[in-house]
Each structure stands twice: as structure tokens, then as C-alpha cells.
**Student:** 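Mind having a look at this structure? Questions to follow.
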Protein chains: 2
Amino acid sequence: MTRLPTVSDVATAAGVSRQTVSNVLNAPDVVRPETRERVLAAVSELGYRPHASARRLRTQQSSTIGIRLDPMTDGISGVVLDRFLHALTAQADALGLRVMLFTAAGPEEEIAQFRRLSDGADVDAFVLTSTFEGDPRTEWLIEHGQRFVTFGRPWGVDDMEDPQHLWVDVDGRAGLRAATRHLLDEGLRRIAYVGWPSPSGTGDDRHAGWRETMREAGLDDDELDALEARTPEGVPHGAEALRAVEAATGGAVEGVVCSSDSLALGALLAARGRYPVIGYDNTPVAASIGMSSVDQPLEQVATGVLELLTGAHGGRVRHDGEPVGDPRHRLLEPRLVPRELQVAPA
Amino acid sequence: MTRLPTVSDVATAAGVSRQTVSNVLNAPDVVRPETRERVLAAVSELGYRPHASARRLRTQQSSTIGIRLDPMTDGISGVVLDRFLHALTAQADALGLRVMLFTAAGPEEEIAQFRRLSDGADVDAFVLTSTFEGDPRTEWLIEHGQRFVTFGRPWGVDDMEDPQHLWVDVDGRAGLRAATRHLLDEGLRRIAYVGWPSPSGTGDDRHAGWRETMREAGLDDDELDALEARTPEGVPHGAEALRAVEAATGGAVEGVVCSSDSLALGALLAARGRYPVIGYDNTPVAASIGMSSVDQPLEQVATGVLELLTGAHGGRVRHDGEPVGDPRHRLLEPRLVPRELQVAPA
DNA sequence: CATGGGCATTTGATCGATCAAACCCACCGG
DNA sequence: CCGGTGGGTTTGATCGATCAAATGCCCATG
């Protein structure tokens with residue numbers, strides 16, 4: 001394993017100076033085309049690759065994004081983070097950015113990690129997931145002038161428009177509207193909702209999507225109250241909740257939409273094929289048993305996150321004070337993936 | 001955001017030289033305790049944090065591990081990587097190592113990434129997952145003197161003992177032995193196996209665990225042939241395979257063990273509660289519906305990977321030529337997690 | 001009393017790149 | 001003929017840390 005070539009090596013090989021080589025790589029337009037060719041030839045001949053740490057030291061930019069790997073939220077839906085992470089990593093790579101992981105047991109610890117990683121210049125931007133109302137993390141990041149984007153809206157009313165807070169999110173309400181409408185269009189009418197208890201930013205948003213669509217379809221509030229059940233995440237809870245709705249409505253349920261695939265799987269098992277169930281997140285489980293589900297456009301979320309992070313400058317992370325290029329947030333439309341049940345549960 | 005303190009700042013604050021500060025941090029024992037105290041006081045007063053890139057540039061060690069984020073293998077079992085990643089990140093952190101992600105569409109591309117990351121000194125060790133027979137990646141890594149550990153045995157016969165190849169794996173055969181024995185101990189006898197087609201390193205290994213346990217229990221080869229089904233990954237395949245076994249055996253099945261939770265979920269649905277089904281990987285789905293499953297000790301896998309990577313030297317990645325500290329591999333025992341079905345599928 | 005060994009600490013060089021300013025040279029206008 | 005202009009290129013300094021060698025100091029030893 002001989003020593004790797006450096007800018008100087010390339011420079012001598014091409015008969016120019018270090019700086020010219022550097023220019024060819026970072027500001028090709030200031031170099032005469034003729035020279036540029038010669039340098040590029042030397043670069044590829046020697047197989048030169050810039051030394052990331054050296055560049056980072058000099059430029060004070062790590063071109064690395066830090067993201068916390070959640071402590072595996074119980075449910076099936078953990079995969080969402082996984083898919084997002086994959087999209088983010090792939091797209092970041094194309095922009096010359098790297099993705100570094102860290103873990104933390106709680107918000108406090110996560111903030112400690114922010115400090116470590118940013119002080120050590122390991123990372124110069126963060127991506128946060130699973131934001132919640134009054135999240136101390138965003139507060140800290142803003143206060144300390146750190147660059148970040150959240151996947152998920154800041155659910156506090158005031159926070160939502162905070163110009164310092166860039167976010168990308170998926171319109172869960174629209175997702176549930178689509179799911180509900182899909183069932184209505186099939187001629188079904190008494191569509192139940194199984195979702196998380198209030199208050200929950202995401203949960204309430206999705207719930208609203210179902211509720212307003214149903215009201216538009218002419219159901220009154222009493223009917224809707226009977227058709228909905230709010231329950232914590234988890235397959236058994238989903239099954240139980242649906243049974244409760246059936247009991248409350250005298251078994252008149254004709255379809256179900258849920259706020260997660262976990263709940264939906266439970267509901268599906270309880271429904272035993274008597275009527276359709278639609279989940280949320282389009283997890284592999286949904287895909288493999290043939291359950292319809294609302295798919296979050298995670299590729300686009302990743303794109304949005306990176307756009308907001310890098311601003312106009314592809315590749316480099318945005319400098320302090322640079323304009324962000326409105327809008328400062330993106331709200332993306334999810335998409336319903338309709339499926340035919342592949343596995344008869346009965 | 002004022003400039004961050006450097007070693008020199010700490011040095012002047014403590015009335016010593018740069019190097020002494022550096023020594024306090026990297027080789028505390030060569031500094032007189034008295035001086036050390038003074039320096040440490042200055043460090044914490046100024047809130048000094050070493051600049052990672054600067055250190056990396058000088059030491060030529062990035063203290064960063066690269067790992068590929070798989071392109072989301074269809075199945076439910078993708079979560080295994082997720083849990084492993086979490087364990088790895090958390091433990092690496094404790095050793096002062098960072099985990100950096102990358103993606104790649106295939107082995108070729110992955111090798112290109114190896115080159116980029118190692119040449120750029122972004123990463124100085126790799127962790128590979130999902131190894132397969134004749135894997136070109138390990139070959140490349142060995143040839144180019146890169147440090148790496150695989151999670152998964154090299155399944156080629158010769159490779160298995162290659163001293164250059166460090167690996168950690170979970171004994172799938174033992175896992176299926178445990179699962180099978182568990183059902184036998186409950187007085188069940190005709191236990192079916194639903195697993196992946198041969199050849200497949202992991203698949204055949206797990207299959208062997210079931211088969212040998214069953215033979216020990218007195219079943220003959222004809223009976224066993226009828227009780228097993230090999231099918232690709234996926235919930236519907238699992239259901240179908242189990243129905244095939246039922247047909248072949250005249251419905252005499254009394255229990256099922258599977259090579260994955262995806263297959264097991266399919267089998268479970270097909271079994272409709274008539275007899276127990278045991279999966280493999282202990283994914284959240286299994287946990288939430290109350291399906292027994294074989295749990296891989298991913299925490300221990302992570303520990304093993306890091307031990308092999310860092311050798312005796314906690315924190316620093318092992319130098320070339322340093323002894324590895326036999327054994328050069330770890331084969332860990334999985335553990336059966338027995339459960340009671342929470343959700344009656346019928 | 002000089003020599004030398006061991007310990008704690010300091011000094012100068014270095015890792016590989018980029019920044020800022022200097023430099024060179026051809027060309028133009030007065 | 002000289003000063004000015006500007007594109008293209010080079011030079012020296014720098015980022016923040018660690019390495020290697022030098023320094024100073026004290027004490028034991030011949």
C-alpha cells in the first residue's frame with residue numbers, strides 16, 4: 001500500500017503548481033482549458049483523490065450530515081426511517097456529502113451529541129426526525145447557530161413559521177383523505193378510522209384527513225364518533241380497536257383506514273377479509289401481505305431536506321446568513337398504493 | 001458563534017505548551033499529575049473539543065467505520081440491519097469511533113465506494129453485511145489491505161479459515177435446533193420447516209439445524225422430506241409453502257419453524273392458529289403479533305465486530321500487522337423468544 | 001566535579017489541502 | 001515609451017492537531 005498521491009504529486013506530474021491543481025478541482029473556470037486538460041489527465045493517471053480531512057481542516061466544512069438513529073421505535077414503522085436514511089445517503093453522496101450516524105437515549109443526550117459532533121467539526125449540519133411539540137432540540141440548534149432541517153413539522157403553533165426552522169414533511173391529512181376517498185369511491189360508506197390518541201401532531205393531522213373526507217361524504221358527527229378509535233401504536237391495539245368500533249356500530253363497518261401499518265395489520269387480522277383495510281407508511285409488511293397503504297415519498301423528502309440544507313449551492317452546505325431560497329419548508333403529497341390482498345388471513 | 005478554542009488556547013490558559021495539552025488528552029500518563037490537573041481544568045473551562053479533521057489529517061486515522069446501507073431487502077427482515085446498525089453505532093461511539101453510511105447498487109459499485117472512502121481517508125475500516133459465496137468485495141478489501149470485518153461468514157469452504165478475513169456470525173443452525181427442540185419438548189412431533197431454497201449459506205445452515213434435530217427425535221428421511229418446503233423470501237411464499245406441506249403430509253403438521261419472520265408470518269396466517277409457528281430474526285412484527293422467534297444477539301455481534309476491528313487497542317483501529325488476538329471470528333448463539341399469540345388470526 | 005540517564009516539557013516540522021496575495025506577461029491607451 | 005489592466009499561475013501562510021527530536025532539570029554515579 002504505497003502512499004496516496006497528493007495535490008503536489010499531481011502538480012509535478014502535470015508541470016504546474018499545487019494551487020492550479022486545486023483550482024482545476026474547485027474552480028475549473030479560472031484555469032485555462034489547455035492546462036485543465038493536462039491536470040485532469042495527471043489526476044486520473046495517478047488516481048488522485050482529495051484527502052477529505054485535509055480539505056475539511058482548511059475549509060472548516062466537514063460536508064457531513066449527522067443524523068440520529070432512533071432507538072428502534074417499537075413498531076413496524078421503524079422501517080420508514082430506514083428507507084429515508086437510504087434515500088438521504090444516496091442523494092447526499094451525489095452531492096459530495098456524507099452521512100454520519102449517532103445514537104442517543106433521549107433529547108438531553110441528543111443535544112450532548114450535537115455539541116460533540118459540531119464542536120469536533122465532524123458534522124456541519126443535522127437532520128432531525130420525529131419532532132414533537134416544544135422540541136428542545138430545535139431550540140438548542142437555533143440558539144447555537146447550527147444548521148439543520150427537520151423531517152417533520154414543528155407542531156407548536158408559533159414554531160411552524162419560525163424562519164430559522166427549515167422543515168420538510170409529508171401531508172398526512174392528504175394521505176388519509178386519499179385513502180378514505182379510495183374506499184368511498186368503491187361504494188363503501190361506513191369507513192372506520194383507527195389511529196393514535198390525541199394529542200399527537202402527526203396523529204391528529206391524519207385523523208383530520210379521514211374525518212373531513214367522511215363529513216364531505218355526508219356522515220354526521222355522531223356516526224363518525226362511533227366509527228373512530230384512538231389507540232397506542234401496536235398490532236394488538238389495532239385489532240382491539242377495530243373490534244371496539246365494530247361493537248359500537250353494531251358491526252356495520254365497511255372499510256378501515258389507519259394511521260400506521262402496525263395498527264392496520266392488527267385491524268386486518270381482526271377484519272378477517274370481510275372488508276378492506278388501508279394502512280399508512282407502505283412498509284414491507286403491507287407490501288408483502290398485499291395490504292393497501294399510504295406511501296410517503298421518502299425520496300422526495302430526502303431531496304427536499306438536502307435542498308434546504310445546501311441552499312442554492314449544490315454540494316456545499318449553506319453558509320450562515322446566506323438566503324435560504326423560499327419556501328423554507330416543503331409539504332409533500334403522499335400517494336396511496338392500492339393492493340389486492342395476497343394472503344387470505346382466513 | 002465565536003471561534004472554538006484550540007490546543008494552543010488551552011495551552012496558554014494552562015500555562016503550558018501545545019504538546020503537553022495533546023499529551024494530557026492522548027497519553028495522560030506521561031504528564032505530571034499536577035500539570036494534568038491544570039490542563040484538564042483549562043480544557044473544561046474553555047469547553048475545548050479536539051478538532052476531528054485536524055487530528056485525522058495528522059494521524060492518518062479517521063476513526064470512522066464505513067457501512068453500506070442495504071437497498072432495503074424486500075422483506076420484513078430489513079429491520080435486522082437496522083437494529084445491528086443501532087447497536088454498532090452506540091458501541092462505536094463509546095470507543096470514540098464514528099459510523100458513516102454509504103449506499104451502492106451492487107458489488108461493483110460498492111467496491112467503487114470502498115475506494116472513494118478509503119482514498120479520501122474518510123473511513124479506515126469497513127463492516128460488511130450479507131456476505132455470500134465468492135464475494136468479490138472481501139477479495140478486493142484483502143487485496144488492497146483494507147481493514148474490515150464481516151457480519152456473516154464467508155460461505156466458501158476455503159475462505160472460512162482465511163486468516164485475513166475476520167468475521168462475526170450468528171449460529172443459525174443452533175437457532176433452528178433450539179426452535180425445533182422447543183416444539184418437540186411441548187410434545188409436538190411432526191414439525192414442518194419452511195425456508196429458503198438451496199444453495200444459500202445462511203438458509204442451508206438453518207435448515208440443517210431443523211433437520212438434524214428432527215432426525216435425533218426419530219423421524220426418518222422420507223417423513224422429513226415431506227415436512228420441508230423451500231421457497232423464496234416473502235409472506236405469500238410462506239403461506240403457500242406451508243399449504244404445500246400440509247397437502248404433502250395429509251394435514252398432519254403439528255408445528256412449523258421458519259428461516260425468517262416473513263415466511264413465518266405467511267405460515268402463521270396459513271396455519272390459522274391450529275398449531276404454533278416459530279420465526280427467525282425476532283422482528284417487531286413477530287413481537288407485536290406475539291409470534292415466537294429466534295433472536296439474533298445483535299448487540300453481541302456489534303461488540304464482536306468492534307473487538308475484531310480494534311484489536312487489543314480500544315478506540316484506535318488496529319494497525320496493519322498488529323496481531324488480531326485469536327480467534328479471528330466469533331460464532332454467537334441466538335436465543336429463542338417464546339411467545340403467546342396476541343392476535344388470533346382467526 | 002563532570003558525565004550521563006531519566007523524566008517532564010517545549011520546539012520545529014508535518015499531515016494535505018485551500019486562501020490570500022504576489023507575480024508574470026501580453027496587451028492597450030495616452 | 002511608460003503605466004495600467006487583467007487573465008493565468010505561482011508562492012507563502014494557514015487550518016488544528018500530533019510526531020520526532022531537542023531542551024532543561026534533577027539526581028545518581030564514577
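Below, chains carry the letters A, B, ... as their sequence lines are ordered, and counting in each starts from 1.
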**Student:** Whole Å only: how far is the CG atom of Asp122(B) from the P atom of dA17(C)?
**Tutor:** 12 Å
**Student:** Does Asn23(B) make a side-chain N or O approach to OP1 or OP2 of dT18(D) shorter than 4.0 Å?
**Tutor:** no
**Student:** Hey, is the side chain of Arg56(B) pairing donor to acceptor with the base of dG16(C) inside 3.5 Å?
**Tutor:** no
**Student:** Quick one: do Arg56(B) and Asp122(A) make a salt bridge, cutoff under 4.0 Å?
**Tutor:** yes
**Student:** So, is Gln60(A) close to the dG16(D) phosphate, meaning a side-chain N or O under 4.0 Å from OP1 or OP2?
**Tutor:** yes
**Student:** Return the 5'-most residue of the pair Arg58(A), Asp29(B) with respect to DNA chain C, ranking by each residue's nearest nucleotide.
**Tutor:** Asp29(B)
**Student:** It should be established whether Thr20(A) places a side-chain nitrogen or oxygen under 4.0 Å from OP1 or OP2 of nucleotide dG8(D).
**Tutor:** no
**Student:** Let me know the distance between CZ of Arg36(B) and C1' of dA8(C), rounded to the nearest Å.
**Tutor:** 12 Å
**Student:** Between Thr6(B) and dG16(D), is there a side-chain N or O to OP1/OP2 distance below 4.0 Å?
**Tutor:** no
**Student:** Is Arg32(A) close enough to dT9(D) that one of its side-chain N or O atoms is under 4.0 Å from OP1 or OP2 there?
**Tutor:** yes
**Student:** Looking only at the side chain of Gln19(A) (C-beta and beyond, no hydrogens), which of the listed nucleotides dT9(C), dT11(D), dT11(C) gets closest?
**Tutor:** dT11(D)
**Student:** In whole angstroms, how far is the P atom of dG16(C) from the CG atom of Asp119(B)?
**Tutor:** 13 Å
**Student:** Arg38(A) CZ to dG8(D) P: how many Å, rounded?
**Tutor:** 14 Å
**Student:** Only one of Arg116(A), Arg115(A), Arg137(A) forms a salt bridge (Lys or Arg N to Asp or Glu O under 4.0 Å) with Glu110(A), so which one is it?
**Tutor:** Arg137(A)
**Student:** Taking only N and O in the side chain of Ser22(A), is any of them less than 4.0 Å away from OP1 or OP2 of dT18(C)?
**Tutor:** yes
**Student:** Could you give the CZ-to-C1' distance, from Arg55(B) to dC19(D), as a whole number of Å?
**Tutor:** 14 Å
**Student:** Of all the choices, dG16(C), dA17(D), dA8(C), which nucleotide is nearest to the side chain of His51(A) once you look at every atom?
**Tutor:** dG16(C)
**Student:** Side chains of His86(B) and Thr103(A): do they bring a donor and an acceptor to under 3.5 Å?
**Tutor:** no
**Student:** So, do Asn26(B) and Arg55(B) sit near enough that their side-chain heavy atoms are less than 4.5 Å apart?
**Tutor:** yes
**Student:** Taking CG from Asn26(A) and P from dC19(C), how many angstroms apart are they, rounded to a whole number?
**Tutor:** 7 Å
**Student:** Among dA13(C), dA17(D), dA8(C), which nucleotide sits nearest the side chain of Thr35(B)?
**Tutor:** dA8(C)
**Student:** Is any side-chain heavy atom of Thr138(B) closer than 4.5 Å to one of Trp167(B)?
**Tutor:** no
**Student:** Between Arg49(B) (CZ) and dC15(D) (C1'), how many Å, whole number?
**Tutor:** 20 Å
**Student:** Starting at CG of Leu57(B) and ending at P of dT18(D), how long is that distance when rounded to a whole Å?
**Tutor:** 11 Å
